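Here's the structure, in C-alpha cells; my notes come after.
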Amino acid sequence: MIADAVSAELDILGVTSTSPGLAAAALKLARAMDRIDDGDSPAAQAVLADKLHSLMVRLRGLAPVQEKGDSVDDIARQREKRRAEARERAAGGE
C-alpha cells in the first residue's frame, strides 16, 4: 500500500542512511495512512497526506545525486564514440 510505495521510493532515493529520522517519520505517516479506512476520517487522511508529502519533498531534496545518466548522457557517449572512430580512421587505423 502507501507504506510499501514510500519504502520503495526511500530505497531509490538512498536517503535512509543520511536522514534516518525523516525517513522513519515518512514511513510512520505512510503506515498510519494505510491503517485508516478510505471512508473513515477524510480530514485525518488529508492531514497525514499533507505531512507525508512535505517530508517526501524534503527527502527528495536531500537525496544524493544519482549517477544513472539520461538520454542526453547517452547521446554524448554516442557522439564521443563516433568522434573517436573518426579520429582513428583519420590517423590511418581503419
Side-chain angles (χ1 to χ4, degrees):
M1 300 281 301
I2 297 168
D4 294 335
V6 168
S7 179
E9 184 171 354
L10 291 173
D11 288 343
I12 291 168
L13 292 172
V15 293
T16 304
S17 61
T18 58
S19 301
L22 290 176
L27 282 171
K28 187 169 185 166
L29 287 172
R31 289 184 195 113
M33 288 182 70
D34 284 341
R35 285 192 298 271
I36 296 174
D37 277 340
D38 286 337
D40 294 340
S41 195
Q45 283 182 326
V47 170
L48 288 172
D50 183 56
K51 297 298 181 188
L52 178 58
H53 172 74
S54 295
L55 272 177
M56 293 306 294
V57 167
R58 286 182 62 195
L59 286 165
R60 289 180 195 117
L62 294 170
V65 176
Q66 301 285 328
E67 293 292 330
K68 287 184 178 180
D70 58 10
S71 59
V72 174
D73 293 333
D74 292 338
I75 292 168
R77 277 191 293 278
Q78 291 170 7
R79 181 179 297 138
E80 183 52 40
K81 182 180 174 185
R82 285 192 305 272
R83 287 179 178 167
E85 290 169 352
R87 284 192 296 270
E88 188 176 316
R89 282 193 304 271
E94 287 191 51

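Residues: numbered from 1 along the sequence shown. Computed from a predicted structure; not experimentally measured. Quick note: numbers below take in every heavy atom, side chains included, and nothing from hydrogens, waters or symmetry partners.
In terms of the side-chain contact (heavy atoms from CB on, under 4.5 Å) criterion, residue partners of A44 (sequence neighbours excluded) are, by chain and number, I36, S41. When the side-chain contact (heavy atoms from CB on, under 4.5 Å) test is applied to D34, the partners found at least two apart in sequence or on another chain are M1, I2, A3. Taking R87 as the reference, E80 meet the side-chain hydrogen bond (donor to acceptor under 3.5 Å, both in side chains) condition, with sequence neighbours excluded.
With contacts defined as side-chain heavy-atom distances shorter than 4.5 Å, the pair R79/R82 qualifies.
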Could you tabulate the donor-acceptor pairs under 3.5 Å formed by side-chain atoms of residues 15-31, not counting sequence neighbours?
residue : atom : partner : partner atom : Å
T18     : OG1  : V15     : O            : 3.3

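Counting only residues at least two apart or on different chains, the salt bridge (charged side-chain N to carboxylate O under 4.0 Å, His left out) pairs with a member in residues 53-63 are E9-R60.
Across V47, L48, V6, a single residue satisfies side-chain contact (heavy atoms from CB on, under 4.5 Å) together with M33, and that is L48.
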